[in-house]
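To start, the structure under review is shown below, and the notes come after it.
Worth saying up front: this structure is predicted, and the values here are computed from it rather than measured.
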2 protein chains.
Amino acid sequence: MKKDMSAASPRKTGCPVAFSLDVLGDRWSLLIVRDMLVGGASTYGDFMCGGEGIATNILANRLKGLTDAGIVEKHRDETNRRKYRYTLTQKGCELVPIVLSLMNWGAKYDPETRATPEILKKVTAKLDMEFSK
Amino acid sequence: MKKDMSAASPRKTGCPVAFSLDVLGDRWSLLIVRDMLVGGASTYGDFMCGGEGIATNILANRLKGLTDAGIVEKHRDETNRRKYRYTLTQKGCELVPIVLSLMNWGAKYDPETRATPEILKKVTAKLDMEFSK
DNA sequence: CACATAACTTGCTGTTTGCAAGTAATTAGG
DNA sequence: CCTAATTACTTGCAAACAGCAAGTTATGTG
């Protein structure tokens with residue numbers, strides 16, 4: 001049995017940027033958060049169909065990492081007990097500024113972006129509305 | 001000869017968040033940017049002594065990735081021609097909001113953070129001053 | 001010219017990723 | 001209630017990547 005803690009071994013230098021990257025510094029974790037924030041995704045199947053084609057074992061691993069980090073919570077769907085619902089905690093909702101800053105930078109510098117200024121505005125407004133408590 | 005393009009294979013879904021993460025979604029690239037923004041690092045040796053203990057081959061690889069992405073530029077130091085200076089481009093300076101949002105989230109949720117509110121304020125002010133053009 | 005400095009490169013080993021296939025729990029249909 | 005479908009994973013394996021140590025190249029110093 002191996003540990004499979006791909007969420008990163010803590011470097012603990014006390015730097016807050018490094019701390020964040022220890023949790024979020026990979027190619028998938030923040031895309032999962034994005035799907036929850038923008039796409040309304042909440043089940044394993046939602047994330048699998050999220051567009052970017054994440055592998056199923058990686059998804060399971062990242063969901064575990066995000067859960068362990070206190071960013072998402074896992075609950076059984078009581079109306080369909082085959083499903084589990086993943087929801088953002090307060091700590092997870094506070095990732096909105098990170099996702100938005102990544103979105104804005106990407107929109108500016110991706111030559112093939114599909115994100116028009118209107119879409120950016122709409123998404124920003126939506127996230128500011130729904131996730132600021 | 002292998003390619004060693006660890007900067008990530010583009011998924012090109014048109015999502016700006018995914019685009020940003022293709023370039024920046026690893027455990028080191030943004031720490032290098034952080035060292036340039038906050039720590040005034042500019043040479044290979046500066047980054048090696050940056051605190052987190054990056055491996056030399058990884059550093060070389062990430063500097064190449066950041067250069068290829070147009071985020072940093074490499075120039076020979078004319079006063080000491082053994083050195084190369086890495087500097088942020090405009091595109092790189094515009095990563096400030098991303099680094100700041102990671103910093104703020106990390107400062108809030110790292111139980112062992114060394115970042116006091118005063119430090120956060122000072123760094124934020126500094127970056128807003130120096131890198132907003 | 002010998003030695004030091006700065007910036008890498010190479011080789012090796014262990015870990016992580018990504019793909020394909022398989023399993024477990026729950027529910028819907030006959 | 002038995003069977004099939006749905007949902008959420010787990011496992012196995014080859015290839016890519018990370019991290020460590022050692023070696024190399026280019027430049028500067030005495």
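Atom CG of A:L63 is separated from atom P of D:dC9 by 7 Å (rounded to the nearest Å). We find that OH of A:Y86 is positioned 7 Å from C1' of D:dA8, with the value rounded to whole Å. Rounded to whole angstrom, the span from the NE2 atom of A:H75 across to the C1' atom of D:dA8 amounts to 17 Å. Computed from coordinates, the B:M48 CE to D:dA21 P distance equals 11 Å when rounded to whole Å. Distance CD (A:E52) to P (C:dT17): 16 Å, rounded to an integer number of Å. Look at CD1 on B:I58: it is 16 Å from P on D:dA16, rounded to the nearest Å. In this structure, the CG atom of B:N57 is 13 Å from the C1' atom of C:dT13, given to the nearest Å. We find that CG of A:L59 is positioned 13 Å from C1' of D:dT10, with the value rounded to whole Å.
When the side-chain nitrogen and oxygen atoms of A:K64 are compared with OP1 and OP2 of D:dA8, none of them lie within a distance under 4.0 Å. Taking only side-chain nitrogens and oxygens, A:R27 never comes nearer than 4.0 Å to OP1 or OP2 of C:dT16. For D:dT10, the OP1/OP2 oxygens have no side-chain nitrogen or oxygen of A:Y44 closer than 4.0 Å. For A:K74, a side-chain nitrogen or oxygen approaches OP1 or OP2 of D:dC9 to under 4.0 Å. Between B:W28 and the phosphate of D:dA18, there is no side-chain N or O to OP1/OP2 separation shorter than 4.0 Å.
Taking NZ of B:K91 as the reference point, atom NZ of A:K108 lies at 11.0 Å (rounded to 0.5 Å). For the atom pair CG of B:D46 and CD1 of B:I32, the computed distance is 12.0 Å after rounding to the nearest 0.5 Å.
Among residues two or more places apart in sequence or in another chain, the side-chain hydrogen bond (donor to acceptor under 3.5 Å, both in side chains) test is passed with A:R114 by none.
What you find for B:C93 and B:L88 is that their closest heavy atoms are SG-CB, 4.0 Å. Taking each heavy atom of A:R62 and A:S29 in turn, the nearest pair found is CD-OG, 3.5 Å.
Using modelled atom types, one finds no donor on one side chain facing an acceptor on the other under 3.5 Å when comparing B:Y109 with A:S20.
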At under 4.0 Å between heavy atoms, how does the protein contact nucleotides 25-30 of chain C? Give one character per nucleotide, 5' to 3', with B, S or -.
SBS---

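With the nearest nucleotide of DNA chain D identified for both A:K83 and A:A60, A:K83 has the one nearer the 5' end.
Counting non-hydrogen atoms under 4.0 angstrom, A:F47 reaches nothing in the nucleic acid.
Residues A:E73 and A:T67 have side chains not in contact (no heavy-atom distance under 4.5 Å, counting atoms from C-beta outward).
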